[in-house]
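Inspection log for the structure reproduced underneath, given as structure tokens.
Treat the numbers as computed from the prediction; the structure is a model and nothing was measured.
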Amino acid sequence: MKIVGLMSGTSYDGVDVVAAEFVTEGDTLWLRPLGHRGLDYDEELRAEIAALLPPAATTIEAVCRLDNRLGEVFADAAAVGLELAGGRVDAVISPGQTVFHWVADGMALGTLQLGAVARVAARVGVPVLSDLRSADIAVGGQGAPLVPAFDALLLDGAAGPRAALNLGGIANLTVVAPGAPILGYDVGPANALLDAAARRFIDQPCDLDGARAAAGRVHPGLLAALLAEPYYVAAPPKSTGKELFHAGYLDRHLAALGEPVPVDDLLATLTELTARVVAAECDRHGVVEVIAAGGGVRNPTLLGRLAALGADRWRLRGTDELGVPAQAKEAYAFALLGWLSWHGLPGSIPSVTGAARGAVLGSWTPAGPAYSGTPAGPPRRLRIRL
């Protein structure tokens, strides 16, 4: 079965596209990567998304317009995936762009992803799976993270606890250990606050290669204030996003500090924050190895700090060593979730999300007849039989 997987994360910088072929042999599922590509959002689209995200106010008109514009972008991405797969696929997985994840008192109550999935189905002519988080939330789960289903099948914890780390806008961790339930949860910000600071203070989408952070010094007072965030000590299952870690959050901490912080020092402090929070969670689970993926692996300053913090306890390496491109891992994971849903199998893990049971994820949008045996033509009238 060939599947195209799309993914746009909380950094909202673009869409990762992959094509994969899945083949089963007994109880083993083989994934053959067929290619991947990244499609960047243009600056205007990034600005539209940013203007709609909490805590900003918005309108239904703005939501509708953005939904359909994103649908066209995802349709273009799906067409690229079709090319990567050689011109034929069985399904496309288009989870959309998350614009709100509703969490109150530690419980996820709803979630919203935009991306006009009917436009995707119309472009590629195959069934498209979307809205993958809602089914888990409906049975009491956080709806996130969902990538642990991929990690749990890929990682071997027999030789000791191992962690899969994704460094997107938010950092999330999956822990696989012998004789223990799979754990997975959002740790805290990875690039979310760093990118917010880069946009605000250096007019760039990110601190490229962590160069400005490398030139700065960590501000102890600001770091201490940021580390006091209650989310970090909350027990999993838990999930978070830019509903918490956004530019306004950073502004409040800077205002409370009462003194100016040089830009390079600010970026160095935010980099240290991510590294400290992630390293603390890895240490808490006693992992022997951390396998990293996501946009944050392109930041050598962040990776250097992570490696240094775990140097005598765990090894840090990338998913590329396992055959999964670090920049495309989440898209491949969503392709896997699509394969599971296609076969009626749960894609969420209750020990990760806190759900009452595993849920078959997503809603299918057909691109043609949903079942075989369709009538020769459309009906011309309706009659009622009593």
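- Remark: His253 pairs with Tyr249 by the ring pair (Phe, Tyr, Trp, His ring centres under 6.0 Å) rule, at least two apart or across chains.
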All N/O donor-acceptor pairs, side-chain side in residues 345-352, below 3.5 Å, sequence neighbours left out:
| residue | atom | partner | partner atom | Å |
| --- | --- | --- | --- | --- |
| Ser348 | OG | Asp136 | OD1 | 3.2 |
| Ser348 | OG | Ala359 | N | 3.0 |
| Ser351 | OG | Ile182 | O | 2.6 |

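- Between Lys2 and Glu21 there is no salt bridge, since no side-chain nitrogen of the basic residue lies less than 4.0 Å from a carboxylate oxygen of the acidic one.
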Quick one: side chains of residues 46-57, donor-acceptor pairs under 3.5 Å with protein atoms, not counting sequence neighbours, listed by atom name and distance.
| residue | atom | partner | partner atom | Å |
| --- | --- | --- | --- | --- |
| Arg46 | NH1 | Tyr41 | O | 3.4 |
| Arg46 | NH1 | Glu43 | OE2 | 2.5 |
| Arg46 | NH2 | Asp13 | O | 3.4 |
| Arg46 | NH2 | Tyr41 | O | 3.1 |
| Glu48 | OE2 | Arg69 | NH1 | 2.5 |

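- Checked against Leu337 for a side chain to side chain contact (heavy atoms under 4.5 Å, CB included), the options Leu129, Leu361, Ile93 give a single hit: Leu361.
- Ion pairing between a basic and an acidic side chain is recognised when a charged N comes within 4.0 Å of a carboxylate O; Asp76 and Arg123 show such pairing.
- Using a cutoff of 4.0 Å between basic side-chain nitrogens and carboxylate oxygens, Glu281 and Lys238 are not scored as salt-bridged.
- The two atoms that bring Thr353 and Ala144 nearest to each other are CG2-O, 4.1 Å, heavy atoms only.
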Identify all side-chain donor-acceptor contacts of residues 22-31 below 3.5 Å with residues at least two apart in sequence or on another chain.
| residue | atom | partner | partner atom | Å |
| --- | --- | --- | --- | --- |
| Glu25 | OE1 | Trp30 | NE1 | 3.3 |

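- Nearest heavy atom pair, residue Gly143 against residue Arg133, reads O-NH1, 2.9 Å.
- Results of the side chain to side chain donor-acceptor pair (under 3.5 Å) test with Arg212 over Asp265, Asp264, Asp207 single out Asp264 as the only residue that passes.
- Sorted pairs that involve residues 332-361 and meet salt bridge (charged side-chain N to carboxylate O under 4.0 Å, His left out), not counting sequence neighbours, are lacking altogether.
- Judged as a salt bridge (Lys or Arg N to Asp or Glu O under 4.0 Å), and not counting sequence neighbours, the contacts of Arg65 are Glu61.
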